[in-house]
Amino acid sequence: PFSQDWSYEISNPDHIEQYLNLYPNLQDEDERFVLMEIIIQAVEDQKEEDFIFYWNKVKLLLEKDFALHEYTIFYWCTRKK
């Protein structure tokens, strides 16, 4: 009853490498969609010195699977901090 109305609730920035390693192994588009949301949140929560390193990896995945992640890209580009 107290869960969020999101596709995920927790993203751990310490697990970013595990998330990135899992992504190419998923075949189900719904799973890839949700995992990308988790990955982006994990990147956003990185220390400043690690942000660019991980963002460059994620950017390649977003470009490769743009059609799947178009909504997610739009959401993250328009959200206010």
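All heavy atoms count here, side chains included; hydrogens, waters and symmetry mates do not.
In this structure, the separation between CG on Asp45 and CZ on Phe51 is 10.0 Å, given to the nearest 0.5 Å. Going from atom CD1 of Ile40 over to atom CD1 of Ile73 covers 7.0 Å, rounded to the nearest 0.5 Å. Separating the CG atom in Leu35 from the CG atom in Leu61 is a distance of 9.5 Å, to the nearest 0.5 Å. To the nearest 0.5 angstrom, Gln41 atom CD is 12.0 Å from Ile39 atom CD1. The distance from the CG atom of Leu62 to the CH2 atom of Trp76 is 11.5 Å, given to the nearest 0.5 Å.
With sequence neighbours excluded, no residue satisfies side chain to side chain contact (heavy atoms under 4.5 Å, CB included) with Asn25. Residues forming a salt bridge (Lys or Arg N to Asp or Glu O under 4.0 Å) with Lys57 (at least two apart in sequence, or on another chain): Glu17.
In terms of modelled atom types and a separation under 3.5 Å, the side chain of Asn56 and the main chain of Ile52 share a donor-acceptor contact. Between the side chain of Glu31 and the main chain of Gln27, no donor-acceptor pair closer than 3.5 Å is present.
Ring planes of Tyr19 and His15: perpendicular class, angle over 60° (limits at 30 and 60°).
Between Tyr54 and Leu20 the shortest side-chain heavy-atom distance falls below 4.5 Å. Between Val58 and Met36 there is a side-chain heavy-atom pair separated by less than 4.5 Å.
In the hydrophobic cluster analysis, where Ile, Leu, Val, Met, Phe, Trp and Tyr join through side-chain heavy atoms closer than 4.5 angstrom, Phe66 is grouped together with Trp55.
Among pairs with a residue in residues 62-72, those fulfilling side-chain hydrogen bond (donor to acceptor under 3.5 Å, both in side chains) read Tyr23-Asp65, Tyr23-His69, Arg32-Asp65, at least two apart in sequence or across chains.
When all heavy atoms are compared, the tightest approach of Asn12 to Ala42 is O-CB, 4.1 Å.
For Tyr75, the OH atom is loosely surrounded, since the number of other residues' heavy atoms within 6.0 Å does not exceed 12.
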